Structures are given as C-alpha cells and as structure tokens.
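Presented below is the structure to which this report refers.
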2 protein chains.
Amino acid sequence: MSLRHAVLGLLVEKPASGYDLMKLFNTSLANVWPATQSQVYGELARLADAGLVDVAAEGPRGRKEYTLTEEGLAELRGWLMDAQPEVHRSAALLRVFFLGVLTPEQAVEHLTQLAEQAAADLARLRELQKSLDWDNKGMLTTNGRLALEFGLRLHEMREQWARWATQQITADGEDLGS
Amino acid sequence: MSLRHAVLGLLVEKPASGYDLMKLFNTSLANVWPATQSQVYGELARLADAGLVDVAAEGPRGRKEYTLTEEGLAELRGWLMDAQPEVHRSAALLRVFFLGVLTPEQAVEHLTQLAEQAAADLARLRELQKSLDWDNKGMLTTNGRLALEFGLRLHEMREQWARWATQQITADGEDLGS
DNA sequence: GCGGACATGTAAGAAGTTACATGATTAG
DNA sequence: CTAATCATGTAACTTCTTACATGTCCGC
C-alpha cells in the first residue's frame, strides 16, 4: 500500500492539490513510484476519509488543496521505520530464464539490447543529475539525490551484467564452431 | 502479462501439472517472478482455453498434465524478442525519498538495515549458487545461472550503496555536532 | 474569444494476494 | 489407519492501467 505513503510523503513538504501531486509523480517520483491520475485522485479521497489528510483550502476550478494531518504524519513515520523486504518481479530476468528457447544468435542480440537499454537509462539519469545539481531545494531533492545515485549504480550494473552474460553465451557455443 | 509467459516458459522443458509448476515457481522462479497457486491454476485454464497449452494426460487425483502447443511456443518466442522496457516500483527507494521526515539517527539506522538486508540477500544467493553448481540439468539452470549472477551483483550493489548513503547523511550533519 | 493549462472525477478490466474449500493417494 | 503429500479449484479484495467524461480559468 505504498501509493498511500508516496502521497503522504509528498504532502510533508507543502500542501498540494491532486494536480500538483501528479506533476511530482511524473517528475521526482517517475523512476521510483509512478502513479496515474486516477490513482492519485482516488487515494486522496480515501486519505481524506481516513483523516490522514485534510482539505485545507479550495481554489478556482474546484481545486482542493490537501494538507497532512497529525495522523497522516504518524502513519508516514510508522511506514518509514517498518522496512520489510519487498518482492520484486522482473520480466527482463524472466526472459533471461527462457533464453534457451531462442537461437544463440537471437539470445545474444537480446542481451545486447539489454545492455544498450541500460546504457541509455544511465545516460538519461546522468542528464537528470546535471539538471538537479544547481537548483537545490528541499527534502525531495536532497534525498532524491540518494535515490538517483542508486539508479546510476543500478543501470551501470545492468549494462556490465548484460555484457558479461553475452560473453557467457558466446563462450558456451564456441567449441561447436571449431 | 508475464505470468502467462512464465508458465509457457516452464512448460518448454517438460509437461507439468499446476502442482508441478507451483514447485518451480517457489524454487527456480521465486526470486524472479513469484506466483500464487490460485494464479497458476487460473492461468493454466485460460491458456488451455486460448489453445496455447493442451491437457496431454490426466493422472490420479484429477491431475492434469499440460503441454505446450505450437501456438504456445510461438507466443513465448514472440514475447522473448519483444523486450520493451519495464516500469519498476521500489518501496525501498520511496522510503529513501522521505528519509528527511525521520531524525538523522533514525535515517542512518534505516540505511544500516538496508545494508544488512542486502548483505543477507547476497549470502542467501551465494548459498543457492553453491547448491546449483553440482547438479546441472537443463535450460532452467543454465540460464538461471545468468539471472543468479544478476541477483548477486544487484545485492552487492545495494549493500555498497546503502553504506555510501549512510556516509552521505552523517557527513551532512557533521558540522552540527562540533 | 479561444486555446492551453488547470482541475477533478468515474468505469471497466487486468493482475495479484489471501483465504477458503475439497478431496484422493500413498508410504509407513 | 492415518498423516503427509498430491492435486485442483473458487471468492473476495486490493492495486494498477486505460479510457472516458466534464468543466473552468487565464493569458494573449
């Protein structure tokens, strides 16, 4: 139930509308916890029902500005310290498992694509890092920088691994070609 | 829709019942694409409806042994070469984003836990690697080894990153203590 | 006045989790 | 005979995605 906590977390810094939050989900949190508009509005309604946020002000065009309540902050703090291990699914790794169904050439091509995709992701994050370095405001970018570094290391690792895996496969087939 | 492809992939090696598949999901695929019993049985029924698998034989206790059809193999091959980038959500990284809500001490404690968790995961996979090294059978372990190496590198990276992040936080607060 | 941004919501469906429910076979 | 394993299924609920639907305000 982390969408809930993402919303609460974003509201710590300052009050925001669903619309405002969506911009944050599409920028700051895009690589960490993406969410759709329909999810965010729904969750805000549920959070207000539960008393974890309040509608502090109403603006033009039906704008509702939400603030965190005491209970909301408590809920967030509880979640932050809870830290139970996650289950992750990876379609990319699942594909690797079944690579034997393809020809070695196809498998190598696929792994090459993975390496290139990782390299592209890495480049993208490096760009993001550059744009973040100068205008530094608030908790979100401070800790966001830690998350960003994780992403940089992750994609670097992905690329290295994909290149290594390619070698593994080509090495396996080597003696057949002699 | 990768559960479908996980099931198809497992059936490439040999025919299996839902019960058999569950054992594979709980061992080989546990770290890559976990699935529950109710999901697997449901998916098998849908796959049979769609003609991607057949009930090749029925055994004792209502056992249904499924095999892959031509269409099923084609579907799997198509998926294997499709390779579109995934969206990943990470509650762990989300927590990092909001670490500013905690005291520096609590934040450091949390990151230390992350490092320890990563170290434990790494140790667990190294054990798995040992047990896999001797009895080598089939495509699943051959390519599973590639996936395993990914896991090893991932957890190593996670641990290093968590230690680095701890330093970042303690460095920030340093001048306050003097 | 009109286009783009602001702003909120609903509905249908896919995917996943947890819990319940039932029964047959086999090894000791 | 009885406990463990084999074996399949259903139901309720949560989460996420995609698409639809509607309307207002502000700057030019």
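These numbers were taken from a predicted model, which means no experiment stands behind them.
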* Asked: Does a distance-only test, which skips hydrogens and angles, find a donor-acceptor pair under 3.5 Å between the side chain of A:Gln37 and the base of C:dT8?
  -> yes
Nearest-Å distance for atom pair [atom1]/[atom2], residues [X] and [N]:
X: A:Tyr66; N: C:dG9; atom1: OH; atom2: C1'; result: 10 Å
X: B:Gln39; N: D:dT15; atom1: CD; atom2: P; result: 16 Å
X: B:Glu58; N: D:dT8; atom1: CD; atom2: C1'; result: 12 Å
X: B:Phe25; N: C:dA15; atom1: CZ; atom2: P; result: 14 Å
X: A:Glu86; N: C:dT17; atom1: CD; atom2: P; result: 13 Å
X: A:Met1; N: C:dT18; atom1: CE; atom2: C1'; result: 15 Å
X: A:Lys64; N: C:dG9; atom1: NZ; atom2: C1'; result: 9 Å
X: B:Asn26; N: D:dA7; atom1: CG; atom2: C1'; result: 15 Å

* Asked: Are any of the side-chain nitrogens in A:Asp20 or A:Lys14 under 4.0 Å away from the carboxylate oxygens of its partner?
  -> no
* Under-4.0 Å salt bridge between B:Lys130 and B:Glu127 -> yes
* Hey, does A:Ser38 reach any base, or is it just sugar-phosphate, or nothing, if we go heavy atoms under 4.0 Å? ->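 If one applies the 4.0 Å heavy-atom cut-off, A:Ser38 turns out to touch a base.
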* Asked: Within 45° of the ring axis of A:Trp164 and under 6.0 Å from its six-membered ring centre, is that where the NZ or CZ of B:Arg153 lies?
  -> yes
* **Which atom of B:Val32 lies closest to which atom of A:Leu94, heavy atoms considered** =>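 So the two residues come closest at CG1-N, 3.5 Å.
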* Asked: For B:Pro60 and A:Leu3, take the nucleotide of DNA chain D holding the closest heavy atom to each; which residue's nucleotide lies nearer the 5' end?
  -> B:Pro60
* A:Glu43 or B:Gly62, whichever maps to the more 5' nucleotide of DNA chain D ->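 It is B:Gly62 whose nearest nucleotide is closer to the 5' end.
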Nearest-nucleotide pick for [X], side chain only, options being [options]:
X: B:Arg89; options: C:dA5, D:dT17, C:dA15; value: D:dT17
X: B:Thr36; options: C:dT8, C:dT18, C:dG16; value: C:dT18
X: A:Asp20; options: C:dA7, C:dT17, D:dT5; value: C:dA7

* A:Arg124 vs A:Leu128 side-chain heavy atoms within contact, under 4.5 Å ->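 The answer is no; the side chains never approach within 4.5 Å.
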Using OP1 and OP2 only, check whether a side-chain N or O of [X] sits under 4.0 Å from [N].
X: A:Arg63; N: C:dA7; answer: yes
X: A:Tyr41; N: C:dG9; answer: no
X: B:Lys23; N: D:dT5; answer: no

* Let me know, please, whether A:Arg61 or A:Ala45 comes out on the 5' side of the other along DNA chain C by nearest nucleotide. =>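 The residue whose closest nucleotide sits nearer the 5' end is A:Arg61.
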